[in-house]
Amino acid sequence: MKSTFEKMGGTYTLGADGIYYPNLVSTDEEPHYGKYGMIRKTYLKEHRPVMYSLYMLEDRLTAHLNAVDDEAHERMDVLVRQMMEKQGVTEELKARDQMAWVGVVNNIRNAAEEIVLKELVYI
């Protein structure tokens, strides 16, 4: 009769002491996530514990956090570029008035980050 572990696709290795030990090798990919992946992980732990546990049990948490982080960074780049074009923020403004340029770009980055967090991280 197969154990629950075997039914889920797990395997065992016979140890030198005659005892079978489960092969618990993670198939999850290496973590490379950054800020947005960490925020997502904290959000899942605190507000979606069932989803967090499911990702952990299915060994998909790192892959999920990597994907969220990658997508968030791509979305940030696109949003910042689009907002800068729409508001007319150019290198000319940067050369003419650096402080005004820094203020506008910071506002754009903050607005873009708020959108990214709402659309991709806190869902």
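For the numbers below, each heavy atom of this structure counts, side chains included, while hydrogens, waters and symmetry mates do not.
- To the nearest 0.5 Å, the span separating NZ on Lys86 from CD1 on Ile108 amounts to 12.0 Å.
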Practice task
Evaluate side-chain contact (heavy atoms from CB on, under 4.5 Å) for Met99 paired with Asp97, printing each intermediate quantity in order.
Solution key: CA-CA 6 Å; Met99 291 307 290; Asp97 189 357; 4.1 Å; yes
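- Residues passing the ring-ring contact (aromatic ring centres under 6.0 Å, His included) test with Tyr36, sequence neighbours excluded: His73.
- For the side chain to side chain contact (heavy atoms under 4.5 Å, CB included) test, residues two or more places apart in sequence or in another chain that qualify with Ile19 are Asp17, Tyr21.
- With a 4.5 Å cut-off on side-chain heavy atoms, Thr13 and Tyr20 do not count as touching.
- Note on Glu46 versus Lys41: no salt bridge recorded, every NZ/NE/NH1/NH2 to OD/OE distance being 4.0 Å or above.
- Hydrophobic clustering (ILVMFWY, side-chain heavy atoms < 4.5 Å, transitive): Val68 and Val78 are in distinct clusters.
- Remark: Glu119 engages Arg75 in a salt bridge (Lys or Arg N to Asp or Glu O under 4.0 Å) (not counting sequence neighbours).
- The two residues Val116 and Ala72 make their nearest non-hydrogen contact at CG1-CB, 3.6 Å.
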Exercise for the section: Quick one: do Ile123 and Arg48 satisfy side-chain contact (heavy atoms from CB on, under 4.5 Å)? Show the steps, please. Expected result: CA-CA 10 Å; Ile123 56 169; Arg48 301 277 192 256; over 6 Å; no
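- Side chains of Asp70 and His32: a donor-acceptor N/O pair is present below 3.5 angstrom, by distance only.
- Residues Glu113 and Leu117 form a side-chain contact, since some pair of their non-hydrogen atoms from C-beta on lies under 4.5 Å apart.
- By the side-chain hydrogen bond (donor to acceptor under 3.5 Å, both in side chains) test, Tyr12 pairs with Ser3, sequence neighbours left out.
- Without hydrogens or angle criteria, Asp69 side chain to Tyr33 main chain gives no donor-acceptor distance under 3.5 Å.
- Smallest separation of non-hydrogen atoms from Met83 and Ala111: CE-CB, 4.2 Å.
- In this structure, Val80 and Ala112 approach most closely via the heavy-atom pair CG2-CB, 3.9 Å.
- To the nearest 0.5 Å, atom CE of residue Met51 and atom NE2 of residue His64 are 7.5 Å apart.
- Judged as a side chain to side chain contact (heavy atoms under 4.5 Å, CB included), and not counting sequence neighbours, the contacts of Val102 are Asn106.
- Partners of Tyr122 according to the ring-ring contact (aromatic ring centres under 6.0 Å, His included) rule, which considers only residues two or more places apart in sequence or in another chain, are Tyr43.
- Hydrophobic clustering (ILVMFWY, side-chain heavy atoms < 4.5 Å, transitive): Leu54 and Leu44 are in distinct clusters.
- Of the possible donor and acceptor atoms, none in the side chain of Arg60 sits under 3.5 Å from a partner among the backbone N and O of Tyr55.
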